[in-house]
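Because the structure is a prediction, the values reported are computed rather than measured. Heavy atoms only: backbone and side chains are in, while hydrogens, waters and symmetry mates are out. In the text below, chain A, chain B and the rest are named by the order of the sequence lines, each starting its count at 1.
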Number of protein chains: 2
Amino acid sequence: MVLKAARKPALGGQECDMSGWDGGNCPVRDVIDRIAGKWSTLLLEALSRRPYRFGELRRLVPDISQRMLTQTLRDLQRDGYVEREVFPTKPPSVEYRMTDLGRSLFEPLSKVLQWAEKNHPSVKAARAKYDESELA
Amino acid sequence: MVLKAARKPALGGQECDMSGWDGGNCPVRDVIDRIAGKWSTLLLEALSRRPYRFGELRRLVPDISQRMLTQTLRDLQRDGYVEREVFPTKPPSVEYRMTDLGRSLFEPLSKVLQWAEKNHPSVKAARAKYDESELA
DNA sequence: GAACGTTAGTCTCAAAAAGAGACTAGCGCT
DNA sequence: AGCGCTAGTCTCTTTTTGAGACTAACGTTC
């Protein structure tokens, strides 16, 4: 795991150069920062199941604003994770579907979601413990 | 994968109830929204390698503000991913180390980071293609 | 012995991002 | 003729983030 565009570590595998990080020059950050948003994961999860239209996604995730839905979909499209297809009906309908690149990303990503589901109780417990010790 | 606190799906495994999502009642979102930040992943990656002190982390990630470093570390600590230990020297030094829960989260998470590193070229290519078709 | 650097933050103010909701256009339905 | 449907965009307000000064007590330097 190399986090900066960097020379190979002396001894292989798990080495990771973190010295001299700058946001603009780190490939991992370049990719991660885009999918790390609150909504990206959610939309990728949805689109991993089947294609959806704009309005369907909006109804699916009731607390996203139209503005952020548009913007997040554009970002995902730009990075090659989803495709946008316009059907020239009147009014036009637009379908978003996951690409192969998107699927290949979602494979490891879904493991994190599964972790989250499984370990939610532990996290809630940790929060409770922290909050209790804080107000003391 | 159940994304809402929901009844078991009729046929097991890959089923996922996304109807009637509300942010506050979805365990996966509850967990993901906290680690989805721009800085969380970065700090988890660092702390997965070894414990670090506050100032070390600040130097390691030069473009994080002290404010966000404090806040992100507190969030990670609250959710049980990192521990904070104060050494009563003068001036006091504070060490942050990853917990077992944090390590168990970082296992799938690191797969996503590896994906990002590996597929950075594809993503950059997709961006270039998108940007080109946009300005046309 | 006075000035400076060190520590891990907090505080304030400015800038950027996100949320809420009105508004668009063209067609079908009643 | 008026209403609703579509996928957005535009504007305004609120929230989040960033930049940087400030703290306090000690060690080192001049």
Quick note, Met68(B) side chain, CB onward, closest among dG8(D), dT17(D), dT6(D) is dT17(D)

Atom pair distance, as rounded to whole Å: NZ in Lys38(B) and P in dA17(C): 9 Å

Examine dT16(D): is either OP1 or OP2 under 4.0 Å from a nitrogen or oxygen in the side chain of Trp39(B)? Give yes or no. no

According to a strict under-4.0 Å criterion, is Arg67(A) in side-chain N/O contact with OP1 or OP2 of dC12(D)? no

Find the distance Leu42(B):CG to dT17(D):C1' and express it as a whole number of Å. 16 Å

Check whether Tyr96(B) and Phe87(B) end up in the same hydrophobic cluster, where Ile, Leu, Val, Met, Phe, Trp and Tyr are linked by side-chain heavy atoms less than 4.5 Å apart. no

Are Tyr96(B) and dG9(C) close enough that a side-chain N or O sits under 4.0 Å from OP1 or OP2? yes

Between Glu95(B) and Arg84(B), does any NZ, NE, NH1 or NH2 come within less than 4.0 Å of an OD or OE carboxylate oxygen? no

Find out whether the Lys NZ or Arg CZ of Arg50(B) is both under 6.0 angstrom from the six-membered ring centre of Tyr52(B) and within 45° of the ring's axis. yes

Starting from C1' on dT16(D), measure out to CG on Asp33(B) and report it in whole angstrom. 14 Å

Indicate, with yes or no, if Leu101(A) and Tyr130(B) share a hydrophobic cluster defined by side-chain heavy-atom contacts under 4.5 Å among Ile, Leu, Val, Met, Phe, Trp and Tyr. no

At under 4.0 Å, does any side-chain N or O of Arg74(B) touch on OP1 or OP2 of dA8(C)? no

May I ask you to evaluate whether Arg84(B) reaches the phosphate of dG9(C), defined as a side-chain N or O under 4.0 Å from OP1 or OP2? yes

Taken to the nearest whole Å, CD1/Ile64(B) to C1'/dT17(D) is 11 Å

Can you measure Arg58(A) atom CZ to dG19(C) atom P for me and round it to whole angstrom units? 15 Å

The side chain of Lys90(A) is closest to which nucleotide in this list: dT17(D), dG19(C), dC27(C)? dC27(C)

Side chain of Trp115(B), backbone of Pro108(A): donor and acceptor closer than 3.5 Å? no

Taking atom P of dG18(D) as reference, at what distance in whole Å does atom CD of Gln71(B) sit? 9 Å

Selection from dA7(D), dT7(C), dC26(D) that lies nearest to any side-chain heavy atom of Arg53(A): dA7(D)

Would you kindly give the CG-to-P distance between Leu57(B) and dT7(C), to the nearest whole Å? 13 Å

Side chain of Pro91(A) - closest among dC5(D), dT7(C), dG18(D): dC5(D)

For Glu56(A) and dG8(D), give me the distance from atom CD to atom C1', rounded to whole Å. 16 Å

Indicate, yes or no, whether a donor-acceptor pair under 3.5 Å links the base of dT9(D) to the side chain of Gln66(A). yes

